[in-house]
Structure formats: structure tokens, C-alpha cells
Amino acid sequence: MNVLEISNLKKSFDGREVLKDISLSVKEGEVVAIIGPSGSGKSTLLRCATLLETMDGGSLSYLGENAAAPDASGKTVYRDAAKLREIRSKFGLVFQNFNLFPHYSVMKNITDAPITVQKKSKAEAEDTARSLLAKMGLSDRADAYPYQLSGGEQQRVSIARALAMGPKILFFDEPTSALDPELTGEILHVIQALAKENMTMLIVTHEMAFARSVADRVIFMAGGVIVEEGTAEQVIDDPQNERTRAFLAKLTRE
């Protein structure tokens, strides 16, 4: 079963085509990493998939349910607000800069959406939050505020916050790019643990070792198109496309 299905996605900004006919799907339990140079459209793809940007063309569905599809003229039309709210509950998004509410404690950051959006009781939301904090190795940080946490701790809280909504798929946009190498290992450990639990994930990353260790499938994007995809061994260790080879060679030189 495909949790996420994107077909023929097109997106332009100010007349410049950023995504050119992108199609991809993510199966239940699969971890997919998207790699590629800056400006290749990776983050825009994630923003379209999570309804933060509107697509100019193409279709988007979660678990077989359409969020957006082209009309007779080919323009993408979105479902009504109530249906999109329901679809939003199927995914979670973890940003590179954590995006925690600075004036909320860790506990309130995690319980706020389950209580206000999913109408869970405070007790139920806090029980879930406590078990997620234990899983993240942060049981003693429930009453702390974001400014009192390291970057790695903040990112683990933001992962817990996304998981608290019970999503079917988690999106990560460069989850380690704001962290130093030591803290990157913390986040990799958390994501590997989620992968072992068969959490479906789509991860935009510039860390090749990270992609290789966690992804079932790697997609290389450049210039708004998918250039190459396959297992990490195929794409990272033995790329067939010249653009992929040039990108990876540049990384190893840096």
C-alpha cells in the first residue's frame, strides 16, 4: 500500500519552473531519502507534499485518498478545507530549525496539537507525550523550555511532537543541517529506531552517510527533476547518471 503518491507534480515561482513533472510514491514502512544539490527542488517537493505550497500541476494522495488532482484543464484543484484537515492528520513534518514554540514548555509543545486539533484529553495527550519523551531519552526535560535545550534535544522534541499526532508518514527536511556532527549522530539514532519500527519516512538530507545507513531507497534530484533512484548502494555507491556522479564526487572532495 502506498502511503504517499505524487504524480506529475509541477511548481513554478515567478515564472521559473522549480519542479518539472515529478512523480514518486512511498510504500508503507519504507524510508526514502532525497539527495541533490541546493536549488534542485527538494524542499519545495516536501512543501508541496505537506500542503505548505500549492502545486501548479499534478496530483497528490495519501493512502489512496486524493488531496489534490488536476481538473479538465489540467490545473491542480485541492479538496475542501475539512478534507484537507483530515488528510493533514496523516503526516508529520520535522523542520531543520526545529520550529518549537519558544514560550511553551517541552510538554506543551508536544501536547498542544493533540489537544486542540485531535480533541484528546489533557491526560491522554500527556501520557503519550511522556512515553515519546522516554523513547527520545528526554524524560527529564518535560518542564524545560526550548532555549534550555541543545540543538539535538530540540530536534528530538520536534520529532516527538510530530509523532504525538499518530502520523502514517513522517517528513524530514534536512533534520541534521542545523546540528554539529556529534548531535547529528543523536538524530540518526532516533530515525534508525523509527525505521526499525516500520515508520514510513521521506527524508531530504545532504548527509550521504546518513542516507546510506537509514534509507531503503534514495532519490537523486537536480534541476527540478528526479535524475536517478534506487537503493543506497545503487545511487550513492554506484551511480549510473553523470549528474549523480558529479554531485557525489564534489561532496567527497569538500
Side-chain angles (χ1 to χ4, degrees), residues 3-4 26 28-33 46 49-52 62-63 85-179 182-205 210 213-216:
V3 178
L4 170 70
V26 182
E28 195 172 358
E30 191 177 26
V31 181
V32 177
L46 230 59
T50 55
L51 306 173
L52 292 172
Y62 282 91
L63 297 162
R85 255 196 315 278
E86 185 191 313
I87 287 169
R88 272 193 185 89
S89 71
K90 297 183 194 303
F91 60 78
L93 177 58
V94 178
F95 299 90
Q96 65 188 65
N97 293 320
F98 326 132
N99 281 31
L100 297 173
F101 295 114
H103 55 294
Y104 284 179
S105 68
V106 164
M107 178 59 79
K108 190 162 167 54
N109 261 290
I110 297 171
T111 59
D112 188 56
I115 292 168
T116 56
V117 178
Q118 294 180 330
K119 308 299 181 216
K120 288 188 173 166
S121 70
K122 188 174 180 211
E124 186 189 355
E126 287 188 349
D127 274 353
T128 301
R130 270 190 287 273
S131 72
L132 285 167
L133 285 171
K135 187 173 176 171
M136 298 292 152
L138 295 171
S139 291
D140 58 339
R141 307 303 263 159
D143 299 325
Y145 284 79
Y147 76 91
Q148 297 171 309
L149 306 177
S150 72
E153 287 172 331
Q154 288 187 61
Q155 192 61 296
R156 281 182 280 158
V157 172
S158 66
I159 294 170
R161 179 178 63 179
L163 289 169
M165 299 290 280
K168 301 294 183 202
I169 181 171
L170 268 187
F171 293 93
F172 293 87
D173 188 8
E174 299 275 13
T176 58
S177 70
L179 304 174
E182 189 182 336
L183 298 177
T184 294
E186 277 181 30
I187 302 309
L188 174 59
H189 183 72
V190 167
I191 293 176
Q192 282 173 325
L194 292 172
K196 284 195 179 79
E197 293 168 17
N198 290 323
M199 184 75 212
T200 310
M201 293 181 273
L202 184 67
I203 305 167
V204 168
T205 183
F210 180 73
S213 64
V214 81
D216 300 305

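- One finds the CD atom of E126 at 13.0 Å from the NZ atom of K120 (value rounded to the nearest 0.5 Å).
- Annotation: the span from I110 atom CD1 to L133 atom CG amounts to 4.0 Å, rounded to 0.5 Å.
- The side-chain heavy atoms of L4 and F171, taken from C-beta on, include a pair separated by under 4.5 Å.
- Side-chain contact check for L188 versus T176: every heavy-atom pair is 4.5 Å or farther apart.
- Contact between A164 and Q118 at its shortest, heavy atoms only, is O-OE1, 4.1 Å.
- The closest donor-acceptor contact from the side chain of Q148 to the backbone of Y145 lies under 3.5 Å.
- Taking every heavy atom of both residues into account, G92 and A162 meet most closely at CA-CB, 4.3 Å.
- The closest donor-acceptor contact from the side chain of D173 to the backbone of F95 lies at 3.5 Å or more, if one exists at all.
- Under the 4.5 Å side-chain criterion, counting only non-hydrogen atoms from C-beta, F172 is in contact with M201.
- Taken to the nearest 0.5 Å, the CG atom of L52 stands 6.0 Å off from the CG atom of L93.
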Intermediate values then yes/no, side-chain contact (heavy atoms from CB on, under 4.5 Å), L179 and E186: CA-CA 10 Å; L179 304 174; E186 277 181 30; over 6 Å; no
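- A 4.5 Å side-chain heavy-atom check between S105 and D143 finds every atom pair outside the cut-off.
- In this structure a side-chain-to-backbone donor-acceptor pair under 3.5 Å is missing from E153 to L138.
- Remark: I187 CD1 to S158 OG distance equals 7.0 Å, nearest 0.5 Å.
- Side-chain contact check for V204 versus Q96: every heavy-atom pair is 4.5 Å or farther apart.
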Test M165 against V117 for side-chain contact (heavy atoms from CB on, under 4.5 Å), laying out the working first. CA-CA 9 Å; M165 299 290 280; V117 178; 4.1 Å; yes
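- Considering CD of E197 and CD of Q192, their distance stands at 12.5 Å, rounded to 0.5 Å.
- Summarising the geometry, atom CG belonging to L183 is positioned 8.5 Å from atom CZ belonging to R156; distances are rounded to the nearest 0.5 Å.
- Within the 4.5 Å cutoff, the side chain of I203 has heavy atoms near those of the P175 side chain.
- Of all heavy-atom pairs spanning M136 and V190, the tightest one is SD-CG1, 3.6 Å.
- The heavy-atom pair separating P167 from F91 by the smallest distance is CB-C, 3.6 Å.
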Before you tell me yes or no, could you show the steps for F210 and I191 under side-chain contact (heavy atoms from CB on, under 4.5 Å), namely the whole-Å CA-CA distance, both residues' side-chain angles and the distance that decides it to 0.1 Å? CA-CA 10 Å; F210 180 73; I191 293 176; 3.4 Å; yes
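- In the displayed structure, K90 atom NZ is contacted under 6.0 Å by more than 12 heavy atoms of other residues, nucleotides or ligands.
- Around CG of D140, the count of heavy atoms belonging to other residues, nucleotides or ligands within 6.0 Å exceeds 12.
- Nearest heavy-atom pair across V31 and M199 is CG2-O, 4.0 Å.
- Contact annotation: the side chain of K122 never approaches that of T111 to less than 4.5 Å [non-hydrogen atoms, C-beta and beyond].
- Heavy atoms from other residues, nucleotides or ligands lying under 6.0 Å from CD of E28 number 12 at most.
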Test side-chain contact (heavy atoms from CB on, under 4.5 Å) on T205 and V214; report intermediate values, then the result. CA-CA 11 Å; T205 183; V214 81; over 6 Å; no
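- Put simply, the side chain of V94 reaches to within 4.5 Å of the side chain of Q155, judged on heavy atoms.
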